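These notes are about the structure you will find just below.
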Amino acid sequence: MSGSVSRGANGKSQQGSRGKAMLLALGKGLPDQVLPQEKVVESYLQDSSCDDPATRAKLERLCKTTTVRTRYTVMTKELLDEHPELKTEGIPTLTPRLDICNAAVIDLGAAAARAALDDWGRPAADITHLVYISSSELRLPGGDLHLAARLGLSPNTVRTSLLFLGCSGGAAALRTAKDIAENNPGSRVLVTAAETTVLGFRPPSYDRPYDLVGAALFGDGASAVIIGAGPMTPAENPFLELEFSTQEFLPGTDKVIDGKISEEGINFKLGRDLPEKIESRIEGFCRTLMDRVGIKDFNDVFWAVHPGGPAILNRLEFCLELQPEKLKISRKALMNYGNVSSNTIFYVLEYLRDELKKGAISEEWGLILAFGPGITFEGLLVRGVN
């Protein structure tokens with residue numbers, strides 16, 4: 001570890017190690033349409049013109065087991081009335097889907113970015129780099145350019161796009177922004193993730209049982225963070241230091257999380273063995289991060305885990321023998337937003353910041369984890385900053 005730090009009474013870093021990337025601000029943007037979980041069954045079946053009792057019963061079970069209470073969605077009855085082809089099986093709908101998604105992710109992303117800029121307290125002109133993440137759009141030029149223009153960023157802002165990384169995209173963006181900030185002293189990196197499920201919305205089919213899991217679990221939204229290294233201005237208030245990051249994929253698991261784009265949108269499949277596959281490697285992966293600072297006990301760090309679903313969190317808690325409160329903020333994010341793909345880890349980090357501010361976290365070090373297609377593990381070792 002480079003540089004020196006001053007310590008508070010609880011052992012947490014007060015200033016952060018010199019040269020290390022710091023998380024400076026957070027923001028989010030959500031669609032206007034709020035979807036309480038108790039209304040999902042009626043809403044989805046009506047929107048997709050489905051009256052099959054077996055489908056209804058299965059969706060009711062799934063909605064209870066996901067632990068989700070609230071989600072936000074771009075899809076509305078008005079949108080489906082305008083585009084009835086989206087709920088009709090076998091019709092080419094990729095073009096209207098992309099038209100909706102391309103517009104929605106920029107609207108949501110811009111709202112999240114502006115919220116992060118307000119939280120940061122410095123003007124958009126001070127942003128030097130943009131990292132843009134989405135698995136919900138496809139066009140040239142990409143959303144990174146459209147977002148930069150919408151926000152009025154400098155034409156010299158250096159842009160990086162991370163597309164179709166799924167649920168690991170947010171953590172991958174943190175890793176990327178960390179590398180950028182630490183290799184460009186004084187830079188300030190705006191990270192923006194924006195997702196919508198419109199690309200994958202379709203009526204239920206016995207040939208696609210996972211569609212019902214998506215209907216019960218996934219939501220829409222955007223999030224943004226600002227990351228910087230080097231001298232901090234008096235207006236900046238870092239709360240997390242990004243110490244070390246790593247990525248790993250599990251050979252032979254590329255079909256466990258599988259998505260293919262067709263003329264009808266994206267067909268998405270999630271293997272039932274995903275939690276088991278993650279469990280098979282999670283202990284060794286986490287030890288790679290914790291060994292950097294000599295920590296052995298998994299309960300001696302705080303945890304910010306992308307909540308892909310309750311089964312993944314339950315497996316982590318069981319196999320690592322975590323105390324129940326360790327995954328509390330991940331479960332809270334899942335409950336209040338659903339799985340919003342790349343965004344969700346930032347919602348977890350917002351709750352983490354709240355806990356740090358309250359002094360509710362005694363551990364100095366923590367882990368950020370996310371799992372995506374590949375199966376790809378993304379992980380960061382972080383330190384709380386007062």
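Position 1 is the first residue of the sequence, and the numbers go up from there. Every value quoted in this text rests on a predicted model; they were computed, and no experiment measured them.
Side chains of Thr93 and Glu85: no donor on one and acceptor on the other come within 3.5 Å. Inspection of the Thr66 and Gln37 side chains reveals an N or O donor paired with an N or O acceptor under 3.5 Å. No donor-acceptor contact under 3.5 angstrom links the side chains of Arg331 and Asn336, judged on distance only. When only modelled atom types and interatomic distance are considered, Glu195 and Ser342 share a side-chain donor-acceptor pair under 3.5 Å. Side chain to side chain, Asn184 and Ser187 fail the donor-acceptor criterion of an N or O pair below 3.5 Å.
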### Query
For Arg97 and Glu264, what are the C-alpha separation, side-chain angles and deciding distance, and is it a salt bridge (Lys or Arg N to Asp or Glu O under 4.0 Å)?
CA-CA 9 Å; Arg97 288 178 191 273; Glu264 296 180 55; over 6 Å; no
### Message
Go through it in stages, so that I can follow the logic: the residues are Lys178 and Glu182, the test is salt bridge (Lys or Arg N to Asp or Glu O under 4.0 Å), and I'd like the CA-CA distance, side-chain angles, deciding distance and then a yes or no.
### Response
CA-CA 6 Å; Lys178 168 181 165 61; Glu182 292 176 357; 2.7 Å; yes
### Message
What verdict does the side chain to side chain contact (heavy atoms under 4.5 Å, CB included) test give for Thr128 and Ile180, after you've listed the backbone C-alpha separation in whole Å, the side-chain angles of each residue and the deciding distance to 0.1 Å?
### Response
CA-CA 10 Å; Thr128 60; Ile180 291 171; over 6 Å; no
### Trace of the side chain to side chain contact (heavy atoms under 4.5 Å, CB included) decision for Cys101 with Thr196
CA-CA 7 Å; Cys101 292; Thr196 173; 3.7 Å; yes
### Message
Apply salt bridge (Lys or Arg N to Asp or Glu O under 4.0 Å) to residues Asp107 and Arg150 and explain how you reach the verdict.
### Response
CA-CA 9 Å; Asp107 289 343; Arg150 178 79 65 90; 3.0 Å; yes
### Query
Stepwise, does the salt bridge (Lys or Arg N to Asp or Glu O under 4.0 Å) test hold for Arg315 with Glu279?
CA-CA 6 Å; Arg315 285 286 185 124; Glu279 182 182 5; 2.4 Å; yes
### Query
Leu138 and Phe164: side chain to side chain contact (heavy atoms under 4.5 Å, CB included), yes or no, with the steps?
CA-CA 10 Å; Leu138 193 62; Phe164 291 98; 4.0 Å; yes
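In this structure, Arg122 pairs ionically with Asp126, as a charged nitrogen and a carboxylate oxygen lie closer than 4.0 Å.
Within 6.0 Å of the CZ atom in Phe249, the count of heavy atoms belonging to other residues, nucleotides or ligands does not exceed 12. Other residues, nucleotides and ligands contribute only 12 or fewer heavy atoms inside 6.0 Å of the CG atom of Asp32. No more than 12 heavy atoms of other residues, nucleotides or ligands sit less than 6.0 Å from atom CZ of Arg69. For Lys87, the NZ atom sits in a packed shell: over 12 heavy atoms of surrounding residues, nucleotides or ligands are nearer than 6.0 Å.
The shortest side-chain heavy-atom distance between Tyr132 and Leu190 does not fall under the 4.5 Å cut-off. Side-chain atoms of Asp144 and Thr160, non-hydrogen and from C-beta on, never get closer than 4.5 Å to each other. In this structure, Asp47 and Phe201 have side chains that are in contact, with non-hydrogen atoms separated by less than 4.5 Å. Contact check for Tyr347 versus Leu30: side-chain heavy atoms found under the 4.5 Å cut-off. Side-chain contact between Val225 and Leu174 is present, with heavy atoms from C-beta onward closer than 4.5 Å. The side-chain heavy atoms of Trp303 and Leu369, taken from C-beta on, include a pair separated by under 4.5 Å. Annotation: side chain of Leu334 is in contact with side chain of Pro310 (closest heavy-atom distance under 4.5 Å).
Shown are Asn343, Thr344, Thr192; of these, the side-chain hydrogen bond (donor to acceptor under 3.5 Å, both in side chains) with Ser223 is made only by Asn343. When the options Val340, Asp220, Val34 are evaluated for a side chain to side chain contact (heavy atoms under 4.5 Å, CB included) with Tyr72, the one that passes is Val34. The only member of Lys357, Arg353, Lys358 that meets salt bridge (Lys or Arg N to Asp or Glu O under 4.0 Å) when paired with Glu355 is Lys358.
Note: Glu378 CD to Leu380 CG = 7.5 Å, rounded to the nearest 0.5 Å.
Aromatic ring pairs are classed by plane angle as parallel below 30°, tilted from 30° to 60° and perpendicular above 60°; the pair Phe377 and Phe285 is perpendicular. Aromatic ring orientation, Phe218 versus Phe268: perpendicular (interplanar angle above 60°, classes split at 30° and 60°).
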